[in-house]
Amino acid sequence: MTTPSTPTAAASISRMGDPAALVPELKDISAALFRATGNQSVPRTTMSLVHLRAGQIVHNTYLTILNTGFLRKAGESEERITAVSSWQDAPYFTEAERAALALVEATLQPAPRGQERVPDELYAEVAKHYDEKALATLTIAIGQINFFIALALIGKPQPVASLAGRQWD
């Protein structure tokens, strides 16, 4: 009688090789996106919260673990990290963070038929907390995670808590 084996952390689950090795231009695109969102108009923690929520919405372990690692490294509490999935009723987030989380949810989830994903009311709420540059940066950060969602869902890299970890085989 055999028992099911437990996968080890070293077991590969990646479906493709490192896309940056296959398409070297990806490094330039990635660097440009990080430069664009690194202008300090939106706190890095807020962007990591947004990226974590995006990973949760698309049910992607790689993005969820990676952004959880970023938040831990930044000193975020376990309560805040854990509560991202239920941020609407969690007491741990600022109004600006709530607006950013609502914006990423609206962007990634389908709207009811005949309604906009990002209605004017949501845009106005986000704009109350972020000036024009910050709102543009937050929008780019949501686009940035959407870019990486495709790589994460299709390529299925190895979950890592840091970009220094070996993600692709």
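Since this is a predicted model, take the numbers as computed values, not measurements. We use all heavy atoms of the structure for the numbers below, so side chains are in, but hydrogens, waters and symmetry mates are not.
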Q: List for me each residue that meets salt bridge (Lys or Arg N to Asp or Glu O under 4.0 Å) alongside E132, sequence neighbours excluded, and say none if there are none.
A: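 E132 satisfies salt bridge (Lys or Arg N to Asp or Glu O under 4.0 Å) with no other residue.
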Q: Taking salt bridge (Lys or Arg N to Asp or Glu O under 4.0 Å) as the definition, give me every residue that meets it alongside E116, ordered by chain and number, with sequence neighbours left out.
A: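 Not a single residue meets the salt bridge (Lys or Arg N to Asp or Glu O under 4.0 Å) criterion with E116.
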Q: Could E78 and R72 be called an ion pair, given the rule that one side-chain N must be under 4.0 Å from one carboxylate O?
A: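 Between R72 and E78 there is a salt bridge, with a charged N closer than 4.0 Å to a carboxylate O.
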Q: Could you tell me if W87 and E105 have a donor-acceptor pair between their side chains, going purely by distance under 3.5 Å?
A: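 Yes, W87 and E105 have a side-chain donor paired with an acceptor closer than 3.5 Å.
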Q: Are there more than 12 heavy atoms of other residues, nucleotides or ligands under 6.0 Å from atom OH of Y123?
A: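 No, the 6.0 Å shell around OH holds no more than 12 heavy atoms from other groups.
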Q: For residues L22 and D18, determine if any side-chain heavy atom of one lies less than 4.5 Å from a side-chain heavy atom of the other.
A: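 They are not in contact (no side-chain heavy atoms under 4.5 Å apart), so the answer is no.
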Q: Is any side-chain heavy atom of F34 closer than 4.5 Å to a side-chain heavy atom of Q144?
A: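 Side chain of F34 against side chain of Q144, heavy atoms only: contact under 4.5 Å found.
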Q: Return the minimal non-hydrogen interatomic distance between T45 and A74, and the atom names on each side.
A: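 Where T45 meets A74 most closely, the heavy atoms are OG1-CB, 4.5 Å.
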Q: Could you check whether any side-chain heavy atom of K156 comes within less than 4.5 Å of a side-chain heavy atom of Y62, counting everything from C-beta outward?
A: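 No, side chains not in contact.
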Q: State which residue, out of V104, I65, V84, fulfils the side-chain contact (heavy atoms from CB on, under 4.5 Å) condition with L52.
A: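 Filter result, single survivor: V84.
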Q: What heavy-atom pair brings V42 and A134 nearest, and what distance separates the two atoms?
A: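 Residues V42 and A134, closest heavy atoms: CG2-O, 3.3 Å.
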Q: Kindly write out the residues that satisfy salt bridge (Lys or Arg N to Asp or Glu O under 4.0 Å) with R117, not counting sequence neighbours, or none if the list is empty.
A: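 Counting only residues at least two positions away or on another chain, R117 forms no salt bridge (Lys or Arg N to Asp or Glu O under 4.0 Å).
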Q: Answer whether the closest heavy-atom distance between the side chains of T94 and E97 falls below 4.5 Å.
A: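 A side-chain contact exists here, since the closest heavy-atom pair is under 4.5 Å.
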Q: Measure across V58 and L153 and return the closest heavy-atom pair with its distance rounded to 0.1 Å.
A: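 Heavy atoms of V58 and L153 come nearest at O-CD2, 3.9 Å.
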Q: When rounded to the nearest 0.5 angstrom, what distance separates CD1 in I57 from CG in L108?
A: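 Taking CD1 in I57 and CG in L108, the distance rounds to 5.0 Å.
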Q: Can you confirm whether the side chains of T137 and T37 place a donor and an acceptor under 3.5 Å from each other?
A: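 Their side chains do not contain a donor-acceptor pair, so the 3.5 Å distance test is not met.
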